[in-house]
Enquirer: 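Please find one structure pasted underneath; my questions will follow.
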2 protein chains.
Amino acid sequence: MAITIKDVAKKAGVATSTVSRTIQDHSSISEKTKKKVRSVMEELGYQPNLAARGLVSKNMRTIGVILPVSDGTVFKNPFFLEMIRGISKACNENKYMVALASGTTQEELLESIQTMAKGGRADGFIVLYSKKNDEIIEYLHREKLFYAMIGKPYEYENEIVYVDNDNKLAGRDATNYLLALNHKKIAYINKHADQMMSAERLLGYKEALLLKGIEVNPKYILEEKMISTNQKEKIKELFISEQHPTAVVAGDDLIAMELVYLFKEFNLRIPEDISIISFNNSIFAKMVQPSLTSIDLHVAYLSEQVVEKLIDLIEGKQNLAIKVILPHEIIERKSCKLNQTAF
Amino acid sequence: MAITIKDVAKKAGVATSTVSRTIQDHSSISEKTKKKVRSVMEELGYQPNLAARGLVSKNMRTIGVILPVSDGTVFKNPFFLEMIRGISKACNENKYMVALASGTTQEELLESIQTMAKGGRADGFIVLYSKKNDEIIEYLHREKLFYAMIGKPYEYENEIVYVDNDNKLAGRDATNYLLALNHKKIAYINKHADQMMSAERLLGYKEALLLKGIEVNPKYILEEKMISTNQKEKIKELFISEQHPTAVVAGDDLIAMELVYLFKEFNLRIPEDISIISFNNSIFAKMVQPSLTSIDLHVAYLSEQVVEKLIDLIEGKQNLAIKVILPHEIIERKSCKLNQTAF
DNA sequence: CTGAAAGCGCTTACAG
DNA sequence: CTGAAAGCGCTTACAG
């Protein structure tokens with residue numbers, strides 16, 4: 001049997017309530033008593049039973065992390081690993097635990113969240129994605145649970161705590177970067193069109209063009225749920241023509257990497273014939289050749305910030321729907337080049 | 001306030017013990033009563049409080065997943081994401097929750113595990129890596145906690161439940177694959193030499209050569225903790241010579257990918273000049289060009305199996321130090337070719 | 001087949 | 001500054 005507060009109390013010659021209070025470092029307990037109790041705790045190797053504590057204090061010091069429904073590729077993105085790691089680290093520092101909620105279907109995921117929430121298992125949740133018409137958000141919102149998001153919510157924007165980059169600005173900056181390199185015909189290629197991030201970046205792309213007085217050419221925007229063979233065909237069609245775009249803003253590093261290989265198939269060189277800029281600055285961006293100029297989103301900070309804001313919410317230190325917007329940063333590598341095309 | 005067993009009992013006109021028993025589907029309760037109680041639970045939206053249950057039953061239905069200390073690259077490997085996802089899925093199916101234990105240092109990680117274990121927060125642990133002289137394993141073992149590993153343990157091999165591939169055989173098969181393509185000069189390049197997997201694969205590589213009567217050339221074995229500039233130099237030295245190896249067994253897809261680019265720098269074509277085979281069959285293997293022939297380790301099954309074996313252990317259904325060895329499978333792509341070199 | 005009661009290990013008013 | 005006691009929401013012998 002594990003050591004309990006009772007064992008400590010007996011050995012230290014005090015009441016259990018005194019032990020409980022020294023654990024919490026209550027100001028009412030004398031330093032002398034605290035010292036004594038602490039030494040006994042040390043000696044006995046006491047560790048508080050979290051279940052018991054949670055039962056009475058209604059606070060399990062646990063954060064549930066909600067992963068997107070794993071429909072193949074999305075979840076293979078190492079992006080999530082970085083987030084999980086960052087969250088885990090921040091939770092550790094705040095003496096919180098992290099519990100994972102996942103599922104292969106919406107229903108499964110929702111069920112998993114329900115047992116955690118109503119079971120008093122998690123004090124709050126972090127949602128790692130943002131997509132349209134999300135039942136999960138609906139549930140969290142309806143049940144008035146504590147939650148925060150990484151990414152800008154589609155609904156209840158003014159009521160949800162979230163941490164995000166300015167993805168519209170990032171899209172604009174990416175596009176401006178290419179514009180500054182004298183590119184005029186810039187494509188935007190992406191999948192996961194249902195994610196908020198993507199929508200915002202596309203908006204920024206359009207804005208940047210318009211601000212430069214360049215008309216948005218809908219043919220240059222290829223956006224789908226997956227890079228299907230179908231999309232490949234469309235990309236081929238676009239880039240095999242004489243008048244092909246000289247640069248592309250890619251939805252993320254993974255897509256950019258696919259494009260790198262695709263363009264090779266079409267005998268287009270990067271960056272000589274086509275410049276590519278992408279988002280995430282993941283391991284892919286560093287590893288492909290040519291290495292990719294990519295926009296770093298500071299995922300580690302993003303994770304740290306959601307955790308902190310959510311804990312503030314849980315502990316009642318702050319109950320406003322605060323938003324934290326982190327800056328991005330263009331990491332220049334070898335996939336972009338000054339455009340020399342005549343026209 | 002959330003709905004408790006008391007509310008259900010009152011509304012259903014039974015004792016709380018009866019409600020508790022119908023939740024557990026006790027055979028002693030009549031179907032009629034169960035039906036009544038269940039309908040009330042449904043109506044009230046009752047969800048059991050897991051902390052209370054855990055407090056009395058000493059079983060939180062939670063598995064702690066121990067991630068390796070995150071010293072940079074190791075943890076960027078999407079391999080871990082696949083494991084986490086697989087474990088999460090299997091836990092869901094078994095109505096267990098998964099809690100993450102991580103840390104930036106050994107001490108931090110150990111502390112995190114301790115609070116989970118002694119705090120009665122996790123019923124058992126899954127260790128996602130296997131390395132030499134691991135304090136974490138020492139701790140788990142000394143405290144006689146329930147745990148299982150993905151990968152073959154360095155110590156207590158006969159006392160630990162683990163799930164693994166036959167990495168030695170995988171190493172042999174990889175090497176044999178190249179031998180069958182008429183390669184004679186085969187290099188073995190890896191980092192993370194302190195991981196059990198790597199050691200085993202290297203062993204298999206050597207065995208395969210010896211069985212073919214080919215002497216192991218120590219110059220052909222490049223193994224380090226990281227692909228440092230130092231290792232790059234060594235690789236260059238080895239492959240720039242006239243007598244360079246015609247094939248390489250790479251430690252994993254990530255390393256293979258680095259090699260692909262490195263070889264390009266040296267003007268060596270893949271697979272014309274050099275064949276590469278690697279392990280993991282991750283997203284990298286599919287995406288690089290040329291795409292990599294890689295050994296799939298069935299990570300999803302691996303994860304599912306550890307979860308099941310650990311649960312058996314926790315629930316006392318099985319207390320032997322069972323090992324589960326899963327088969328691997330060579331996925332042929334475009335990085336290997338019949339060796340045409342003269343001799 | 002069902003219920004009353006004790007107890008899991010904590011925290012927190014309440015009293016002193 | 002410290003202690004005795006109630007109670008958090010469950011489960012599980014024990015009795016009937």
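No experiment lies behind these values; they were computed from the predicted model shown. We name chains A, B, ... by the order of the sequence lines, and we start the count at 1 in each one. All heavy atoms count here, side chains included; hydrogens, waters and symmetry mates do not.
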Enquirer: How does DNA chain D look in dot-bracket form if you count Watson-Crick and G-U pairs under 3.5 Å, write [ ] for pairs that cross, and put | where a base pairs with another strand?
Expert: |||.||||||||.|||
Enquirer: What is the distance from CD1 of I5(A) to C1' of dT11(C), rounded to the nearest Å?
Expert: 8 Å
Enquirer: Test of understanding: with salt bridge (charged side-chain N to carboxylate O under 4.0 Å, His left out), list the residues that count as partners of K35(A), not counting sequence neighbours.
Expert: none
Enquirer: Which of these nucleotides, dC10(D), dT2(D), dG9(C), is closest to any side-chain atom of I29(A)?
Expert: dT2(D)
Enquirer: To the nearest Å, give me how far apart CG (D7(A)) and C1' (dC8(C)) are.
Expert: 13 Å
Enquirer: Hey, what do you get for CG (L50(A)) to CG (N59(A)), rounding to the nearest 0.5 Å?
Expert: 10.0 Å
Enquirer: Looking at residues 33-43 of chain A, who's got a heavy atom less than 4.0 Å off DNA chain C?
Expert: none
Enquirer: Residues two or more places apart in sequence or in another chain: which of them pass side-chain hydrogen bond (donor to acceptor under 3.5 Å, both in side chains) with K34(A)?
Expert: D25(A)
Enquirer: Once you round it to whole Å, what is the distance between C1' of dT12(D) and CG of N59(B)?
Expert: 15 Å
Enquirer: To the nearest Å, how far apart are M60(A) CE and dT11(C) P?
Expert: 13 Å
Enquirer: Taking the side chain of Y46(A) as its heavy atoms from C-beta onward, which of dC10(D), dC10(C), dC8(D) lies nearest to it?
Expert: dC10(C)
Enquirer: Could you check how far CG of L50(A) sits from P of dC8(C), rounded to whole Å?
Expert: 18 Å
Enquirer: To the closest 0.5 Å, what do you measure between CD1 (I63(B)) and CZ (F125(B))?
Expert: 10.5 Å
Enquirer: Could you list the residues that satisfy salt bridge (charged side-chain N to carboxylate O under 4.0 Å, His left out) with E138(A), not counting sequence neighbours?
Expert: none
Enquirer: What distance do I84(A) atom CD1 and K89(A) atom NZ have between them, rounded to the nearest 0.5 Å?
Expert: 16.0 Å
Enquirer: Can you find a side chain N or O atom of K58(A) that sits less than 4.0 Å from OP1 or OP2 on dG9(D)?
Expert: yes
Enquirer: Starting at atom CZ of R121(B), determine the distance to atom P of dG9(C), rounded to an integer number of angstrom.
Expert: 17 Å
Enquirer: Check side-chain hydrogen bond (donor to acceptor under 3.5 Å, both in side chains) between E108(A) and all other residues, then give those that pass, not counting sequence neighbours.
Expert: T104(A)
Enquirer: Please report, to 0.1 Å, the donor-acceptor pairs under 3.5 Å made by any side chain of residues 309-321 of chain B, with sequence neighbours excluded.
Expert:
| unit_1 | atom_1 | unit_2 | atom_2 | d |
| --- | --- | --- | --- | --- |
| E315(B) | OE1 | K317(B) | NZ | 3.0 |
| E315(B) | OE2 | Y96(B) | OH | 2.9 |

Enquirer: Tell me, please, which residues at least two apart from S39(A) pass side-chain hydrogen bond (donor to acceptor under 3.5 Å, both in side chains).
Expert: none
Enquirer: Below 3.5 Å, can you tabulate the donor-acceptor pairs from side chains in residues 42-49 of chain B to any protein atom, sequence neighbours excluded?
Expert:
| unit_1 | atom_1 | unit_2 | atom_2 | d |
| --- | --- | --- | --- | --- |
| E43(B) | OE2 | K11(B) | NZ | 3.2 |
| N49(B) | OD1 | A51(B) | N | 2.8 |
| N49(B) | OD1 | A52(B) | N | 2.9 |

Enquirer: Could you pull out every donor-acceptor pair under 3.5 Å between side chains of residues 140-147 of chain A and any protein atom, sequence neighbours left out?
Expert:
| unit_1 | atom_1 | unit_2 | atom_2 | d |
| --- | --- | --- | --- | --- |
| H141(A) | NE2 | E159(A) | OE1 | 3.0 |

Enquirer: For the side chain of S30(B), starting at C-beta, report the closest nucleotide among dT11(C), dC10(D), dT2(C).
Expert: dT2(C)
Enquirer: Atom CZ of R53(B) and atom C1' of dG7(C): how far apart are they, to the nearest Å?
Expert: 17 Å
Enquirer: So if I take residues 12-25 of chain A and measure heavy-atom distances to DNA chain C, which residues fall below 4.0 Å?
Expert: S17(A), S20(A), R21(A), Q24(A)
Enquirer: Taking salt bridge (charged side-chain N to carboxylate O under 4.0 Å, His left out) as the definition, give me every residue that meets it alongside K6(B), ordered by chain and number, with sequence neighbours left out.
Expert: none
Enquirer: Let me know the distance between CG of L55(A) and P of dT11(D), rounded to the nearest Å.
Expert: 12 Å
